[in-house]
Amino acid sequence: MQIYLEGIIIGKKLDGNGLFESSRFIMPQHREALNEQARQKLLNSRPELDPQELDMIAQAIDDSYSEGTQLGLELFDEYNNMVINGVIIGVNQQRGIVQLDINGEIKDIKLKNIIGVK
């Protein structure tokens, strides 16, 4: 419904969806749900590694540990995978970690987070 008054359109809010067309209010619960959906879209899923790739990772870790050579470990992260370079100085399979020496700083890396070697 539009009312014309000297060339001016009055009542434009009643077009389309009615009054809701011009209303941009979002309830806090709906805003939170929309934000959570956007976060979920950004998350990476953990890749499934085949046995051959797992063997290659294990061999590279063993080589770095026994020879003291630099190794790049590709680590899974929900948002961005990252590569950490260092020398393997310890492996504890019971705890499921490897110890990585990164320029004198020792970090414990979970084996389940390793998805590749560089």
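None of these values were measured; they are calculated from a predicted model.
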*Could you pull out the closest heavy-atom pair between Glu53 and Asp50, with the gap in Å?*
N-OD1, 2.8 Å

I'd like a table of donor-acceptor pairs (distance under 3.5 Å, sequence neighbours excluded) in which one partner is a side-chain atom from residues 69-76, with atom names and distances.
none

*Measure the spacing between CG of Asp108 and CD1 of Ile97 and express it to the nearest 0.5 Å.*
4.0 Å

*Let me know which of Gln37, Glu32, Arg31 forms a side chain to side chain contact (heavy atoms under 4.5 Å, CB included) with Asn35.*
Arg31

_Flag, side chain of Arg39 to backbone of Leu34, donor-acceptor distance under 3.5 Å_ = no

*asked:* Working to the nearest 0.5 angstrom, can you tell me the gap between Ile114 CD1 and Ile84 CD1?
replied: 9.5 Å

*asked:* Is any side-chain heavy atom of Asp101 closer than 4.5 Å to one of Lys107?
replied: no

*Just how far is it from atom CG of Leu54 to atom CD1 of Ile115, taken to the nearest 0.5 Å?*
11.5 Å

*Which atoms form the tightest heavy-atom contact between Gly86 and Ser64, and what is the distance?*
O-OG, 4.4 Å

_Asn113 CG to Arg46 CZ distance, which is reported to the nearest 0.5 Å_ = 5.0 Å

_Under 4.5 Å between side-chain heavy atoms, counting indirect links through other Ile/Leu/Val/Met/Phe/Trp/Tyr residues: same cluster for Met82 and Leu111 or not?_
yes

*Please answer: with hydrophobic residues joined when any side-chain heavy atoms are less than 4.5 Å apart, are Tyr65 and Ile109 in the same cluster?*
yes

_side-chain contact (heavy atoms from CB on, under 4.5 Å) partners of Val91, counting only residues at least two apart_ = Ile61, Ile88, Gln93, Val98

*Indicate whether the side chain of Asp63 and that of Gln59 have a donor and an acceptor atom separated by less than 3.5 Å.*
yes

*Residues, nucleotides or ligands: over 12 heavy atoms within 6.0 Å of Glu67 CD*: yes

_Check: Ala58 main-chain N/O paired with Asp62 side-chain donor or acceptor under 3.5 Å_ = no

*Val117 reachable from Ile89 in the ILVMFWY side-chain graph, under 4.5 Å edges*: no

_Hydrophobic cluster of Val83, others only, ordered by chain and residue number, side-chain cut-off 4.5 Å_ = none

